[in-house]
Amino acid sequence: MSLRGQGVTDTEVLAAIERVPRERFVPAAFIDQAYEDQPLPIGHAQTISQPRVVALMTQALELGDRHRVLEIGTGSGYQAAVLSKLVRRVYTIERVRPLYVEAVQRFAELGLHNITTRFGDGTKGWPEQAPFDRILVTAAADGSEPPAPLLAQLAVGGVLLIPLGGRDAQRVERFRRTETGVVREGLWPVRFVPLMTDTTGDPDEPVGV
Ligand code: SAH
């Protein structure tokens with residue numbers, strides 16, 4: 001798998017990706033495909049993102065090693081693990097309980113102690129830990145605006161990255177909070193699973209965890 005030459009130029013991001021074993025984040029049936037540049041199913045109608053997309057999103061966050069980062073959509077935990085190699089602390093929220101439980105276990109097994117996890121609806125953010133230097137949403141929100149609590153929990157100088165738009169026409173947008181307001185910038189087209197809210201169905205069917 002080569003990400004260099006595909007728009008991924010930040011050597012620190014590439015080094016972080018090299019330090020995270022993606023095969024530990026995919027179901028056993030897909031281990032032989034873990035290093036191909038494609039998304040893979042992780043159950044519960046969710047996917048682990050394509051490595052190139054993880055790399056581009058991570059790069060577009062313009063991370064610093066003192067940053068506290070909030071991720072919405074833990075999923076397999078892969079993106080959070082990559083972030084954890086680059087910043088001081090990662091807070092990550094997942095609303096499908098079995099995925100949340102598996103990710104917590106992976107972080108412990110891999111010794112990723114600077115990741116703090118939460119089960120719940122990430123569209124509300126994490127008010128007790130706000131403000132955040134960076135916020136990354138790894139599921140696509142309907143419409144053209146990010147959930148208001150997320151923008152509200154962004155520090156001055158902070159960056160929020162979120163895929164916006166319907167199922168077939170999503171684009172990653174970058175929002176920067178300045179002293180005087182919020183500056184918005186469109187980045188590139190993507191295809192993410194939908195960001196759900198409390199009112200759009202409950203994926204948390206009983207599975208005995
Ligand atoms: N970042 C993940 C990929 C995420 S797929 C990885 O690296 O593997 C999107 C994830 O967002 C799914 O696990 C989905 O359950 C979760 N999700 C969707 N809506 C959410 C919400 N409102 N709050 C928290 N997580 C949400």
Side-chain angles (χ1 to χ4, degrees), residues 13 16-17 19-27 30-31 33-61 69-86 90-107 110 112 115-127 129 132 134-143 145-150 153 160-164 166-167 170 172 190-205 207 209:
V13 171
I17 286 177
R19 288 171 62 203
V20 177
R22 192 167 183 256
E23 80 273 6
R24 299 288 294 273
F25 295 82
V26 304
F30 294 101
I31 282 180
Q33 296 171 54
Y35 291 98
E36 289 171 21
D37 190 21
Q38 59 185 21
L40 293 169
I42 55 173
H44 311 275
Q46 306 302 331
T47 55
I48 176 173
S49 306
Q50 185 181 348
R52 177 166 183 257
V53 172
V54 171
L56 289 173
M57 300 273 275
T58 306
Q59 181 170 279
L61 279 171
V69 181
L70 173 66
E71 181 198 24
I72 311 304
T74 315
S76 68
Y78 179 67
Q79 171 77 71
V82 171
L83 293 172
S84 79
K85 303 292 186 190
L86 293 161
V90 179
Y91 299 85
T92 182
I93 308 178
E94 172 57 53
R95 83 185 290 269
V96 177
R97 190 179 283 280
L99 293 178
Y100 163 80
V101 170
E102 280 176 42
V104 168
Q105 197 177 330
R106 282 187 187 113
F107 297 149
L110 294 170
L112 303 175
I115 304 178
T116 307
T117 53
R118 181 171 185 167
F119 169 66
D121 176 9
T123 62
K124 301 186 175 102
W126 196 326
Q129 297 293 347
F132 296 97
R134 300 289 186 263
I135 301 179
L136 172 62
V137 184
T138 63
D142 263 340
E145 298 298 328
L150 298 184
Q153 291 172 30
L160 162 68
L161 216 60
I162 180 169
L164 292 175
R167 204 168 266 273
Q170 302 166 7
V172 176
V190 277
R191 208 183 166 88
F192 273 89
V193 297
L195 180 69
M196 298 168 288
T197 66
D198 270 348
T199 55
T200 54
D202 184 4
D204 191 22
E205 65 272 346
V207 290
V209 289

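Remember, it's 1-based here, ligands and their atoms both numbered in the order they're listed. Quick caveat: nothing in here was measured; it's all calculated off a predicted structure.
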Self-check item: Sidechain-backbone polar pair: Thr116 side chain, Thr92 backbone, donor-acceptor under 3.5 Å
Solution: no
Quiz item: Quick one: does Thr74 get within less than 4.0 Å of ligand 1, heavy atoms only?
Solution: yes
Quiz item: Which of the atoms in ligand 1, numbered in the order shown and given with their element, are less than 4.0 Å from a heavy-atom of Val96?
Solution: 15 (O)
Quiz prompt | Subset of ligand 1 atoms that lie under 4.0 Å from at least one heavy atom of Leu195 | solution = 19 (N), 20 (C), 21 (C), 22 (N)
Quiz item: Nearest to atom 26 (C) of ligand 1 by heavy atom, Glu71, Gln79, Arg95: which?
Solution: Arg95
Self-check item: Whether Ser49 side chain and Val54 backbone form a donor-acceptor pair below 3.5 Å
Solution: no
Quiz item: Near Ile48, which atoms of ligand 1 are under 4.0 Å from a heavy atom of that residue?
Solution: 8 (O)
Practice problem: Mind checking salt bridge (charged side-chain N to carboxylate O under 4.0 Å, His left out) for Arg19 and listing every partner two or more places apart, or none if nothing turns up? | Solution: none
Practice problem: Work out which heavy atom in Phe119 is nearest to a heavy atom in Arg95; give both atom names and the distance. | Solution: CE1-O, 3.2 Å
Exercise. List the atom of Leu86, the atom of Thr58, and the distance in Å for their closest heavy-atom pair.
Key: CD1-CG2, 3.6 Å
Exercise. Just go through Pro39, Gly73, Pro98 and tell me whose heavy atom is the nearest to atom 10 (C) of ligand 1.
Key: Gly73
Quiz prompt | Close-contact set for ligand 1 against Thr47 heavy atoms, below 4.0 Å | solution = 3 (C), 4 (C), 5 (S)
Exercise. Could you tell me whether ligand 1 has any atom less than 4.0 Å away from a heavy atom of Ala80?
Key: no
Quiz prompt | Element-labelled atoms of ligand 1 that are located less than 4.0 Å from some non-hydrogen atom of Gly120 | solution = 23 (N), 24 (C)
Exercise. Could you establish whether Thr197 and ligand 1 come within less than 4.0 Å of each other, counting only heavy atoms on the residue side?
Key: no
Quiz item: In ligand 1, which numbered atoms sit nearer than 4.0 Å to a non-hydrogen atom of Val193?
Solution: 5 (S), 9 (C)
Quiz item: Taking atom types as modelled, is there a side-chain donor on Ser76 or Gln46 under 3.5 Å from an acceptor on the other?
Solution: no
Practice problem: Under the salt bridge (charged side-chain N to carboxylate O under 4.0 Å, His left out) rule, collect the residues that match up with Glu145, sequence neighbours excluded. | Solution: Arg184
Quiz item: Would you say Arg118 and Tyr91 make side-chain contact, with heavy atoms under 4.5 Å?
Solution: no
Practice problem: Could you list the atoms of ligand 1 found under 4.0 angstrom from a heavy atom of Tyr78? | Solution: 7 (O)
Exercise. Pick, from Gly122, Ser76, Gly77, the option with the minimum heavy-atom distance to atom 23 (N) of ligand 1.
Key: Gly122
Quiz prompt | Gln50 side chain to Pro39 backbone, donor-acceptor under 3.5 Å | solution = no
Practice problem: Give the atoms of ligand 1, by number and element, whose distance to some non-hydrogen atom of Leu99 is under 4.0 Å. | Solution: 13 (O)
